[in-house]
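What follows is a set of notes on a single structure, which appears directly below.
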Amino acid sequence: MSYVKRVGGSPMSVLSVFLAKAIERVHPENALPVSFMTPVSVRKVMGNDNSLLHQVVHAPYTFKSEDLTKDDAELNAMYRGFLKGFASEQNIRMMCGIYRGICEGYEKAFSSKALDTIIIEQRANMGVSFIVSYLGKLRTAEYGSRIRMTAFHAMQEKGIML
């Protein structure tokens, strides 16, 4: 039986628990929470199941240092409970509205040549320990045989980026 099934998690939740526990194991003296962000697709809620556009909102989750003593199954259950509420249609629609406002703000900042300053300030204040991206297969529907990656770019951020 696979470890993911045994602890009742998903690949994303298991990886998140492993990383949080690894940080705690390397720094057992740490009393600060271990925070991270993970992408949640909005395609289904928005009716774009097969779209290849980057359509996500980011779910912020925090493991309190005292919670890291719990077993993996319990930590996975906590994470999955949070994610179930976060991924609800009502919350996804609200988050999309917030992201739209952020994008409009970035557009105004870009036109007034203030975007670089805003991004630098946001990165300096970012309270995330690690960011986990998609795991598993990319669902591409009929596009799958026509996709070829020619470049990949990841911007440096604070923390660990997977």
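The structure places CD1 of I98 at 12.0 Å from SG of C103, a figure rounded to the nearest 0.5 Å. Between the NZ atom in K64 and the CG atom in L32 there is a gap of 14.0 Å [rounded to 0.5 Å]. Between atom CE of residue M78 and atom CZ of residue F63 there is a gap of 7.0 Å, rounded to the nearest 0.5 Å.
Residues meeting the salt bridge (Lys or Arg N to Asp or Glu O under 4.0 Å) test with R100, sequence neighbours left out: E104. Checked against salt bridge (Lys or Arg N to Asp or Glu O under 4.0 Å), E107 has no partners two or more places apart in sequence or in another chain. With sequence neighbours excluded, the residues forming a side chain to side chain donor-acceptor pair (under 3.5 Å) with T62 are S35, listed by chain and number. V57 is linked by a side chain to side chain contact (heavy atoms under 4.5 Å, CB included) to V40, V42, F86, I92, M95, C96, Y99, counting only residues two or more places apart in sequence or in another chain.
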*Could you give me the CA-CA distance, side-chain angles and deciding distance for F36 and S16, then say whether side-chain contact (heavy atoms from CB on, under 4.5 Å) is met?*
CA-CA 8 Å; F36 70 97; S16 299; 3.3 Å; yes
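Closest of all the heavy-atom pairs between P60 and F82 is O-CZ, 3.1 Å. Residues S65 and A31 share a closest heavy-atom pair of OG-O, 3.3 Å.
S13 and N76 share a side-chain donor-acceptor pair at under 3.5 Å.
For the pair T38/Y79, a side-chain contact is recorded, criterion being any heavy-atom separation below 4.5 Å from C-beta on.
No more than 12 heavy-atom neighbours from other residues, nucleotides or ligands sit within 6.0 angstrom of CD on Q90.
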Atom pairs and distances, side-chain donor-acceptor, residues 17-28, under 3.5 Å, sequence neighbours left out:
| from | atom 1 | to | atom 2 | distance (Å) |
| --- | --- | --- | --- | --- |
| K21 | NZ | K70 | O | 2.9 |
| K21 | NZ | D72 | OD1 | 2.9 |
| H27 | ND1 | E29 | OE2 | 3.2 |

